[in-house]
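Below: one structure, written as structure tokens.
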Amino acid sequence: MPDGRVDALSREVAAACRDWGFFVVLGHGIPDATVTRVAEASRAFFGQPAERKAAVRRTDDAPLIGYHEAEYTIKDVRDWKEVYDVHPRCPPPGETLRGDLVLENKWPQDLPGFRQMANKPYYSLEDFFLRLKKCMSCHALEEYGKEMEILAFKLLGLLARSLSLRPDRLHGFFKDQTTIMRLNYYPPCPNPGLALGHSAHRDGSAFTIIYQDDVGGFDIRRRTDGQWLRVKPIQGSFIVVIGEIIQVWSNGKYKSLEHRASLNAEKERFSIPFFFNPASSTTIEPLPETVRNEDPPRYSSYNWGEYYGSRRKGSSTTYAGATIAKA
Ligand SMILES: O=C(O)CCC(=O)C(=O)O
Ligand SMILES: [Fe+2]
């Protein structure tokens, strides 16, 4: 892309992040088929019997990974949803710890689109063809995760530019990233006015790239007047949500977005957030370039791994939602 176009784009990104805390991307180059395949895999996963989903359930010692059906974004208010979390880099066993965080994926057995848990021998020719067919759509999650990561690094460069930083200024933080990709499933709710799929919250990530299906339910809170507004689904688009880390790095120039997932009386809804998270060891603090004598640090520094772990640890079902400490 010519430099002039990139500059214009980063100015648009700057305005969107400053005024809204999110933007929508189109023309990102991710094939429709990749998105269709991951959406189908998600549908297949949540359509399984409860005991099959429970087999890959989140555990207290690895609270960032696996299936979970009882999230409490706000204490004592249960979200109307089921989730399945994976680390998109699929590290080999033994490399699944990032600091204190366990990122070893829990793959369901024999489900199209998901990695197979074990290599089994072929029992017959029919078995071979059956599994070959399944594999046509196998690795849908990994394929989608790879595309997301490429997009995430492009966006990271653009966000850095938009903050008048070197385009690769933030890349190093993501070398041993702790990114999580989440499949969200919101069943229909008989009384959508009385519950939420995901209560109002801010993401702890640097930023989050969200796919949503065509049902609609992603709401953002407009800062100027506190109004909740729905972000209409646009075929082929992704929503990019500013998280708390960018808020701190930019020393408050960009604020994390308050958002929620609303429900639908008739229709189920699916979404896939890609929480772009840095290495566990990262100290999150206002970048020196964003701090001036007349604009001193607004936030205290914190360790990402400790913070991320504590958001889920203790009880694997509750976390109070994020609050970054004011300096
Ligand atoms: O489902 C959605 O549209 C949003 C989900 C979300 O905000 C989250 O999982 O953090
Ligand atoms: Fe979120």
Side-chain angles (χ1 to χ4, degrees), residues 17 20-25 35 38-39 42-43 45-46 58 63-74 77-88 141 144-145 148 152 178-189 192 195-222 228-247 254-264 267-277 307-308 311-312 316-324:
C17 293
W20 290 90
F22 84 103
F23 55 92
V24 174
V25 279
V35 180
V38 78
S42 177
R43 212 168 258 281
F45 176 81
F46 291 111
R58 181 192 292 179
L64 299 177
I65 294 291
Y67 170 73
H68 194 59
E69 81 286 46
E71 190 105 88
Y72 290 74
T73 310
I74 296 176
V77 182
R78 182 171 164 174
D79 292 338
W80 190 280
K81 69 171 178 194
E82 296 175 37
V83 308
Y84 174 76
D85 293 326
V86 286
H87 177 54
L141 265 77
Y144 182 79
M148 276 291 120
T178 57
T179 293
I180 293 290
M181 199 162 90
R182 167 171 284 190
L183 307 181
N184 274 319
Y185 165 56
Y186 306 101
C189 176
L196 281 166
H198 197 156
S199 299
H201 67 285
R202 296 165 192 276
D203 292 348
S205 57
F207 57 86
T208 308
I209 308 174
I210 304 175
Y211 155 82
Q212 64 165 337
D213 67 13
D214 58 3
V215 173
F218 180 78
D219 298 335
I220 60 128
R221 181 120 112 166
R222 184 162 58 191
W228 284 101
L229 305 173
R230 178 134 318 158
V231 179
K232 271 199 204 137
I234 302 173
Q235 168 86 33
S237 74
F238 296 103
I239 303 166
V240 179
V241 165
I242 296 298
E244 291 176 330
I245 294 176
I246 293 266
Q247 175 167 347
Y254 298 165
K255 301 276 191 316
S256 55
L257 178 74
E258 194 176 354
H259 59 286
R260 69 181 186 193
S262 288
L263 298 160
N264 190 288
K267 291 184 186 162
E268 54 187 8
R269 176 172 177 267
F270 294 86
S271 70
I272 310 177
F274 180 92
F275 300 103
F276 196 44
N277 297 329
Y307 175 74
Y308 199 29
R311 247 176 105 132
R312 296 268 185 83
S316 65
T317 55
T318 52
Y319 67 93
T323 37
I324 36 185

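Atoms considered below: every heavy atom in the structure, side chains included; atoms not considered: hydrogens, waters and symmetry mates. For ligands, and for the atoms within them, numbers begin at 1 and follow the listed sequence. For reference, positions follow the sequence shown, starting with 1.
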Kindly list each side-chain donor-acceptor pair under 3.5 angstrom involving residues 231-242, sequence neighbours excluded, with atom names and distances?
| residue | atom | partner | partner atom | Å |
| --- | --- | --- | --- | --- |
| S237 | OG | I234 | O | 2.7 |

inquiry  = For the backbone of S199 and the side chain of R260, can you confirm whether one donor and one acceptor N or O come within less than 3.5 Å of each other?
reply    =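 No, because the side chain of R260 does not come within donor-acceptor range (under 3.5 Å) of the backbone of S199.
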query = Under 3.5 Å, is there a donor-acceptor pair between the side chain of H201 and the main chain of H259?
reply =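 Side chain of H201 to backbone of H259: a pair is present.
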message = For distances below 2.8 Å, what is the count of protein N, O or S atoms around the Fe ion (ligand 2)?
response =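 Under the 2.8 Å cut-off, the count stands at 3.
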ask   = Taking only residues two or more places apart in sequence or in another chain, which ones pass salt bridge (charged side-chain N to carboxylate O under 4.0 Å, His left out) with D213?
value =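 Expected list: none.
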request  = Please work out whether the ring planes of Y185 and F46 are parallel, tilted or perpendicular, with thresholds of 30° and 60°.
outcome  =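 Parallel.
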Whether W20 and F22 hold their rings parallel, tilted or perpendicular, with breakpoints at 30° and 60° =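 The rings of W20 and F22 stand perpendicular, inter-plane angle above 60°.
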query = Looking at L183, T179, L141, which hits side chain to side chain contact (heavy atoms under 4.5 Å, CB included) with V86?
reply =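 Running side chain to side chain contact (heavy atoms under 4.5 Å, CB included) over L183, T179, L141 with V86 returns exactly one hit, L141.
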key: Inter-residue atom distance I209.CD1 - F275.CZ, 0.5 Å rounding   =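 Reported value, rounded in 0.5 Å steps: 11.5 Å.
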inquiry  = Looking at every heavy atom in both P187 and K81, which two are closest together, and how far apart are they?
reply    =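 Reported closest heavy-atom pair: CD-CA, 4.1 Å.
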Neighbouring residues of ligand 1, heavy-atom cut-off under 4.0 Å =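 N184, Y186, H198, H201, D203, F218, H259, A261, R269, S271, P273, F275.
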